[in-house]
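Just follow the structure's listing: the first ligand is 1, and inside any ligand the first atom is 1.
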Amino acid sequence: MSRSEGSAAPVLVRLDDVSKRFPGVVAVSGVHLDVRAGEVHVLAGENGAGKSTLMKLVAQVEEPSSGTVEVDGRPVSYRGPAAARRLGISMVHQEFALAPDLSVAENLFIGHEPGSAGWISRSAEREQARALLKRVGLHVDPARPVGKLSTAQQQRVELAKALAVEAKLLILDEPTATLTEQETAELFGIVRELTAAGIGVLYISHRLDEIFEIGDRVTVLRDGEVVATRPVAELDESRLVALMVGRDVQNLYPRTYTDPGEVRLRVRGLSRGAAVRDVSFEVRAGEIVGMAGLVGAGRTELARSVFGAEPPDSGSVELDGRELKIRGPADAIAAGIGYLTESRKSDGLALQLGVDKNITLAKLPMMGGLIDLGAERRVAQRERDRLRIRVPNIGRPVQALSGGNQQKVVLARWLQTEAEVLLFDEPGRGMDVGAKSEMFGQLDALAVDGKAVVLISSYLPELLNMCDRILVLREGRITGELERAEFSEERIVALATGAREDQ
Ligand SMILES: Nc1ncnc2c1ncn2[C@@H]1O[C@H](COP(=O)(O)OP(=O)(O)OP(=O)(O)O)[C@@H](O)[C@H]1O
Ligand SMILES: [Mg+2]
């Protein structure tokens, strides 16, 4: 039984026929939506469906092109995010907006310090900071610089910051994308406490299991329009997927298992500082080898070391029995190793350049020393159709794309290279279910083609369904290796946390 069942709970925010147009795109079209006190209202839909834009309209980060937004029954006119915060509407963006050099307490109160007449009372600040941090279950010294905290801890600071202004409505845009299962469970605990206290939550997620776990109602968007608003209890996974994509997705994790061939990638005794410690493993032709572990376990650092982005202190990397001399990513790419980075914003994409240029960047089609523009366009269009990248014009700058569509561009680029070994670091992050299933189909095709694939993911169903073997890392070391027959969530979690399995 949902907390918000019936109409007892007051409506906090109501959208009436709200639209938002960008040049060439209608991002949100004629949306009617309400959020009630104490409910978790999920927004679901494919990449580019308009979820983030809709939330930005509520948080007054963007101004609607038409329609009205009511808060507590009163229509509001657009005055920017600070005005929305004063009305009790706070948004936690996926890309955090924290100042890394400032302390936790300073970050919490930027722009609205406690104390009167412009005088900032440090002791009052610390006191309030402690109370807020307690509310979000974060036990760190408020004087600590934010830059020293883990991603999950930084997110708690963002949450605390959102609550610092007497929030009535909390907006969370894909909050679990960078969290492990454990951290996700903790976040849900906090969300439940907030809703029990009457706060309404607008929640974006691509993860079906968590929509069912945390959501009371779900509104599905497609092409900017509301397809349906339903109590979550009335839906099941397949019905939700059908609403989201408007077609049947048969198999979320397509995988053709073949007998693995020769060893292609062999890593021996690789170390780098404290992040990667004496790691050895092999990947055979046709294999997809998963890497599990908590955030910070060293999986990304390991991949970056193999790729030469952070050259190792010691150890060796062999491809097809040949030891490689990798001084940087250019050497790795030349040798046939590709790495799809987890942080597409910082080192994955040229945001100013067009989708076409970004796709062909790793391997520009050349004709007599010149870039073959016709071929570039054909390749880019083929990839756009194959991965359903939502962009009105292939030459459009990548920065105008929605988060999930940007990720698809990075993927399309790596599929162009003729790499023999591919390292995928959280490739499904931010992708909708349909796009993910296509992407995994591509990974499977690479394996069938005899390539060696490494898949790093914090989402266990992806690893359990796509991999031949799973390596578990903890504190820079491999703590276990599981064959398919031994796969289980419990085992992986135990190896990743160091807990004993039989407890
Ligand atoms: N500032 C902008 N300028 C131009 N177009 C934009 C802008 N912001 C969003 N869009 C477009 O609006 C549409 C909706 O984007 P939005 O980011 O809301 O999607 P989303 O549902 O959040 O997708 P995702 O799941 O990938 O995060 C997309 O076609 C996107 O390219
Ligand atoms: Mg989005």
Could you check atom 1 (N) of ligand 1 against the protein and tell me its nearest heavy-atom contact, residue, atom and distance included? F22 CE2, 3.6 Å
In terms of ring plane angle, is the pair F440 and Y253 parallel, tilted or perpendicular, where the classes change at 30° and 60°? tilted
Numbered in order shown, the ligand 1 atoms found under 4.0 Å of a heavy atom of G403 are 26 (O), 27 (O)
Geometric class of the Y339/F307 ring pair [parallel <30°, tilted 30-60°, perpendicular >60°]: tilted
Keeping K20 on the side-chain end and E62 on the backbone end, is there a donor-acceptor pair under 3.5 Å? no
Distance below 2.8 Å from the Mg ion (ligand 2): how many protein N/O/S atoms qualify? 1
Mark the output for E174 as yes if a heavy-atom distance to ligand 1 is under 4.0 Å, and as no if none is. yes
Check whether any N or O atom of R396, backbone or side chain, sits under 3.5 Å from an N or O atom of ligand 1, and answer yes or no. no
Show me the side-chain donor-acceptor pairs of residues 65-72 shorter than 3.5 Å, one per line, residues at least two apart or across chains.
| unit_1 | atom_1 | unit_2 | atom_2 | d |
| --- | --- | --- | --- | --- |
| S65 | OG | R21 | N | 2.8 |
| D72 | OD2 | K168 | NZ | 2.7 |

Between R222 and E46, is the closest basic N to carboxylate O distance under 4.0 Å? no
Are there over 12 heavy-atom neighbours, none belonging to E166, within less than 6.0 Å of that residue's CD? no
Can you give me the closest heavy-atom contact between L294 and R299, atom names plus distance? O-NH2, 3.9 Å
Run the numbers for me: atoms of ligand 1, each under 4.0 Å from some heavy atom of H206, listed by number. 25 (O)
Purely on distance, is any nitrogen or oxygen of G48 under 3.5 Å from one on ligand 1? yes
Does ligand 1 have any atom sitting under 4.0 Å from a heavy atom of D432? no
Residues D432 and R207 bridged, charged N to O under 4.0 Å: no
Identify the protein heavy atom lying closest to atom 18 (O) of ligand 1, giving its residue, its atom name and the separation to 0.1 Å. T53 OG1, 2.6 Å
Tell me the protein heavy atom at minimum distance from atom 12 (O) of ligand 1, and give that distance in Å. A27 CB, 3.3 Å
Would the number of heavy atoms belonging to other residues, nucleotides or ligands and lying under 6.0 Å from CZ of R396 be above 12? yes
Whether the side chain of K161 engages the backbone of F109 through a donor-acceptor N/O pair (distance < 3.5 Å, no angle test) should be reported. no
Is atom CZ of R79 surrounded by more than 12 heavy atoms (other residues, nucleotides or ligands) closer than 6.0 Å? no
Is L54 in polar range of ligand 1, meaning some N or O pair under 3.5 Å apart? no
What atoms of ligand 1 come closer than 4.0 angstrom to any heavy atom of V25? 29 (O)
N/O of E62 under 3.5 Å from N/O of ligand 1, yes or no? no
To the nearest 0.1 Å, how far is atom 17 (O) of ligand 1 from its closest protein heavy atom, and which atom is that? S402 CB, 3.4 Å
Output yes when K436 and E462 qualify as a salt bridge under the 4.0 Å nitrogen-oxygen rule, no when they do not. yes
Run down the list A400, P23, G50, G45 and name the one with the heavy atom closest to atom 30 (C) of ligand 1. A400
Quick test of your reading of the model: are E213 and R192 salt-bridged, counting only N-O distances below 4.0 Å? yes
